[in-house]
Protein chains: 2
Amino acid sequence: MAAAAGAAVAAATATPDEDPRPLPGPSFGRRAVCSRPYFVVLMVFAHLYVLNVLGLLLFVHISSDGGETEPGKEGPPGPAQDPPAPPFSSPGGGGSRPHSLPRLEGIKVGHKQKVELIPNKIHVMKTLSLKPLLFEIPDFLSEDECKLIIHLAQLKGLQKSQILPTDDYEEAIEMIDISQMDIFNLLDHNQDGHLQLKEVLTHTRLGNGRWMTPESIREMYSAVKADPDGNGVLSLEEFKQLNIRDFHKYMGSQKVKMSDLVRNSQHTWLYQGEGAHNVMRSIQQRVIHLTRLPSEIVEHSEPLQVVRYDQGGHYHAHMDSGPVFPETACSHTKLIANETAPFETSCRYVTVLFYLNNVTGGGETTFPIADNRTYEELSLIQNDIDLRDTRKHCDKGNLRVKPLQGTAVFWYNYLSDGEGWVGDLDEYSLHGGCLVTEGTKWIANNWINVDPNKRRQLQFQEEMARYTNSADEDQSEWTVDKSYSNVHVEL
Amino acid sequence: MAAAAGAAVAAATATPDEDPRPLPGPSFGRRAVCSRPYFVVLMVFAHLYVLNVLGLLLFVHISSDGGETEPGKEGPPGPAQDPPAPPFSSPGGGGSRPHSLPRLEGIKVGHKQKVELIPNKIHVMKTLSLKPLLFEIPDFLSEDECKLIIHLAQLKGLQKSQILPTDDYEEAIEMIDISQMDIFNLLDHNQDGHLQLKEVLTHTRLGNGRWMTPESIREMYSAVKADPDGNGVLSLEEFKQLNIRDFHKYMGSQKVKMSDLVRNSQHTWLYQGEGAHNVMRSIQQRVIHLTRLPSEIVEHSEPLQVVRYDQGGHYHAHMDSGPVFPETACSHTKLIANETAPFETSCRYVTVLFYLNNVTGGGETTFPIADNRTYEELSLIQNDIDLRDTRKHCDKGNLRVKPLQGTAVFWYNYLSDGEGWVGDLDEYSLHGGCLVTEGTKWIANNWINVDPNKRRQLQFQEEMARYTNSADEDQSEWTVDKSYSNVHVEL
């Protein structure tokens, strides 16, 4: 809309040059120009002109709203029914609906398309899978840019991504009033009266940050004499004869190493907003061009996460964001939505992952079930093989991306809702970082946060726009810090 | 563009009503109104106004063309590069590009979306697979409509979809000057110096309309003593010692039944254009709403094919359309494109299949490799099991749709090209009609023909529009027959 108005002004300004025809007839004197009739005519035409321009702009606005209406809903396009919100300035065009999120087309695995992310430079984007919708773009970052990001991350300092479990968990567990029978029913997913290893493995929280494997569970059973017949399955009778506290004691007594955790890496966050290093800002612009998402959304997402995996590092397969139910809040909009919600997730619509160095050995990104026909086709967790285990079973997954300096991969963690917005979580987006067998692995993640609740997202953007504007006016020198402290308080 | 101009006119007309403010100052006399200065000022403003409106319209035109430009291609949008063609009147809106084909979103298998195909009636469309993009819509036709279509087809009369092979083929083959070594190389797909059964089965044309099975090939080998060791594989040595004429003689001597053919059914064509039964026309309108494709394209596609499978009928798995190479012509545009092309295919972008009755036994539509992770994941043709065989192996395919009176299924035979037009053939669209074990099966097919060569398709539509207009003017009573005889001459 703003662009349309701008063009209208430009067209108005340009017009005199475009009509070089000399006016016919003799020149007229000063009196005629200053006369009242002249003034009246001028005013009438000026009003007519302004009203016509407004009418045309209104028409443009309405007809672009009606461009992608509901299937089969015919008839003249009506005015937009969405709540008003700051206009998107999506680069490269993002469909004709004002508040819809463009979603790239994958076409088919192996499809290559050219994209212009930097003026006069063509990148090739290759479709790696359709479930999840996943792309690879070599040379997204230059070698120097990769080195700079690593340098900035080191300057800022990295912290362990996950700390070793404390005793708090065991203590907290003891406080919870839940019967042994309830625990059994919670774990017995298929309700067959037996706990298979698979059912215990599925509940990753049982491990309190420790990654549970079929072996570690068998060891635990053996230590607390839970499975006398040693078949790896606990019958209801076997379970009843146990003292749950023995489990907790055993867990607490175990010496835990970093490699036993779900995630063994170090990370830090780098800001990309106003005032940040121009390379950091430039990368953000490239991400906007790549994903074709509204710049407001990308700019108000989480900062860049830089991650370092040392030799022996890994990140078992996980989703970057959680499922969204009506009662789920998004971390980035919860403050502004001002709603109390029992669940919260980070609502990361898109993950853009950058490889910052070439890894000597291992460190691939694995998508174990990418493009499976059904989610259950290959059972993800068998009793003896857990495909999510990136230390042991990376070779058995469907898709692995080799880390290559400067390459970016990006994927959608959520499906479309069919109406141009974020829909359900894409379960196929499950991924992990394979064991680094030699050397160090540096990557960075840009997550683009969108609330699947459109109203909350638009409200968030409105508030952010208002905030940024008022900050600009009042205390421009503090803008950067203040906006970050507010936006990224939860990171 | 025409609509924009219309709105501009409407806005201009409406303006005086929208500015009811009385003009300030005293009224002025006739002399002032007729004065030369007044005229000059009026002309200047009139010119400015017209130029500004033109500028705005140009901007609207350009920005709607540039709305979905290539990824990352920023900067001021340039003028449209597409050749001019009649504007599409796509119902429900078809995206912002003037000549792009909307493609529905499948979201995920099992996803349901509501569609309004008939005013005030909601249909539910369910995604059955993503590869191919396949939907099911129960109650698309009423029971009466199904009965009427069957009735009309019977009135018109049905013919065998495929006739028994004649001797012409064997005679023609004998005329071809091709060495035995060349034939071997043509068949030896994996170039291992041996002809596996699989390699022979792949070349369906060898059967001259007869469906070849591992058993029938083994029988033939045995009859002409081609495979002394009986392992089903012909080595180069075994092949060299054969007389190819023995094969042809054997083929010619075999008694062929209808059930031995690729397709065992009867069919006829029903027109849906102007002058057709209002139910036929109404179904076409529903197809336009369902697919959201431009009505010009749907209206100039093939007529409705009505097919009857008697007990024992089948159609082995096939694609409804062929691959498209630069040198391939489409049946529907070849006359108008006036190009000579060595290959031709029917360019059926979309298949809409209607089930006209409930089948007592069998008769499902099978999509044997739908949503496979890779095309080769499950090898389609093994030496002993050919998944394309709908008489024997329908139960082994990935997806089967049960025929249910009134239900429609539709799918895309081609992928998107990523730029809003038709791309490559979707190999996953392979499908067939399973053996009817009991009763009769009636279906109908609406194919929507689009030339993957956009220029040729637009040229075709332009010609069709011109033809229809001139026919309307000149000899309205003959329009129907004449346009059909021309459009559908190839059917």
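All chains are named by letter (A, B, ...) in the order of the sequence lines, taking the proteins before the strands, and each is independently numbered beginning at 1.
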Student: Once rounded to the nearest 0.5 Å, what's the spacing between atom CG of A:Leu415 and atom NE2 of B:His111?
Tutor: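 Rounded to the nearest 0.5 Å, the CG-NE2 separation comes out at 9.0 Å.
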
Student: Please look at B:Asp424 and chain A and tell me whether the side chain, the backbone, both or neither of the residue comes under 4.5 angstrom of a heavy atom of that chain.
Tutor: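 For B:Asp424, the side chain is the part near chain A, not the backbone.
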
Student: Run the ring pair (Phe, Tyr, Trp, His ring centres under 6.0 Å) test against B:Phe410 and tell me which residues pass, sequence neighbours left out.
Tutor: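 Scan of B:Phe410 (ring pair (Phe, Tyr, Trp, His ring centres under 6.0 Å), adjacent residues dropped) gives B:Phe135, B:Tyr412.
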
Student: Please enumerate all residues that pass ring pair (Phe, Tyr, Trp, His ring centres under 6.0 Å) together with B:Phe367, with sequence neighbours excluded.
Tutor: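 Listed in chain order: B:Trp411, B:His431.
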
Student: Using non-hydrogen atoms and a 4.5 Å limit, figure out which bit of B:Leu130 sits close to chain A: side chain, backbone, both or neither.
Tutor: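 B:Leu130 touches chain A through side-chain heavy atoms alone.
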
Student: Which pair of heavy atoms, one from B:Glu105 and one from A:Glu419, lies closest together, and at what distance?
Tutor: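 Between these two residues, the closest heavy atoms are OE1-N, 4.4 Å.
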
Student: State the CZ-CD1 distance between A:Arg373 and B:Ile369, to the nearest 0.5 angstrom.
Tutor: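 Rounded to the nearest 0.5 Å, the CZ-CD1 separation comes out at 11.0 Å.
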
